[in-house]
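First the structure, in the form of structure tokens, and then the observations on it.
Remember, it's a predicted structure, so these values are computed and weren't measured experimentally.
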Amino acid sequence: MSTRRIGQQELADRAGIAVSTLRLVQHGATRRVRTRTLTAIARALDWPDDHLVRVLTAGQSAAGDDGEETAAVARQILEGIRDIRDDLRALLRRLDDLDRQRSR
């Protein structure tokens with residue numbers, strides 16, 4: 001919600017659910033939440049329909065994984081690895097410079 005810059009009322013309206021229901025979901029309601037409620041919230045947030053169901057079921061896809069989300073995560077991981085590689089290269093250059101300065 002904070003990323004989308006919307007409040008509970010707006011999200012509830014977009015999802016077609018009561019604010020009280022949204023609050024229960026946000027706070028980990030102990031009662032069973034309907035899949036269609038989670039789907040409505042996910043759609044209102046522009047997420048895949050089964051995203052919240054998968055989160056609640058520890059990553060098991062309710063509607064079958066089409067691979068798009070997996071590919072997006074893989075791209076993020078690769079980008080992170082590239083950033084780390086670049087940082088390591090910069091650190092190695094600095095260490096080489098320090099070694100050269102010490103040996104003078």
Side-chain angles (χ1 to χ4, degrees):
M1 288 172 35
S2 62
T3 302
R4 301 267 192 263
R5 296 179 183 215
I6 61 173
Q8 286 180 329
Q9 184 65 57
E10 184 177 349
L11 179 56
D13 290 345
R14 287 182 184 186
I17 62 173
V19 173
S20 59
T21 301
L22 179 59
R23 284 189 191 119
L24 289 171
V25 171
Q26 286 181 298
H27 297 288
T30 55
R31 69 175 178 84
R32 184 173 169 85
V33 178
R34 293 184 175 142
T35 301
R36 72 176 167 200
T37 300
L38 296 174
T39 299
I41 295 169
R43 284 180 182 167
L45 291 167
D46 294 321
W47 292 342
D49 286 357
D50 68 339
H51 179 76
L52 292 174
V53 172
R54 285 186 288 124
V55 168
L56 290 175
T57 58
Q60 298 172 6
S61 179
D65 187 10
D66 60 5
E68 289 179 35
E69 189 171 340
T70 302
V73 170
R75 285 190 298 273
Q76 288 177 332
I77 291 169
L78 286 173
E79 184 178 325
I81 290 170
R82 288 182 187 120
D83 290 343
I84 292 169
R85 180 196 60 203
D86 294 344
D87 289 344
L88 284 173
R89 285 179 178 164
L91 286 171
L92 288 172
R93 282 191 295 270
R94 287 182 182 174
L95 287 172
D96 286 344
D97 290 344
L98 286 172
D99 283 344
R100 278 189 232 116
Q101 288 176 1
R102 287 185 189 165
S103 62
R104 290 183 190 171

Give the table of side-chain donor-acceptor pairs shorter than 3.5 Å for residues 82-89, with sequence neighbours excluded, one pair per line with atom names and distance.
none

Anything under 3.5 Å between a donor and an acceptor, one on a side chain of residues 3-10, the other on a protein residue two or more places apart or in another chain? List them.
from, atom 1, to, atom 2, distance (Å)
R4, NE, L45, O, 2.8
R4, NH2, L45, O, 2.3
Q8, OE1, R23, NE, 3.1
Q8, NE2, Q26, OE1, 2.5
Q9, NE2, D13, OD1, 2.9
E10, OE2, R14, NE, 3.3
E10, OE2, R14, NH2, 2.6

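- Applying the ring-ring contact (aromatic ring centres under 6.0 Å, His included) test to every pair with at least one member in residues 35-56, sequence neighbours left out, gives these pairs: W47-H51.
- The minimum heavy-atom distance linking P48 with A42 is given by the pair O-CB, 3.4 Å.
- Listed by chain and residue number, V73, I81 satisfy the side-chain contact (heavy atoms from CB on, under 4.5 Å) test with I77 (two or more places apart in sequence, or in another chain).
- Taking the side chain as every heavy atom from C-beta outward, V25 and L38 approach each other to under 4.5 Å.
- Checked against side-chain contact (heavy atoms from CB on, under 4.5 Å), A15 has the following partners two or more places apart in sequence or in another chain: I17, A40, I41, A44.
- Applying the salt bridge (charged side-chain N to carboxylate O under 4.0 Å, His left out) definition to pairs two or more places apart or across chains, those involving residues 95-104 are D97-R100.
- Residues passing the side chain to side chain donor-acceptor pair (under 3.5 Å) test with R43, sequence neighbours excluded: D49.
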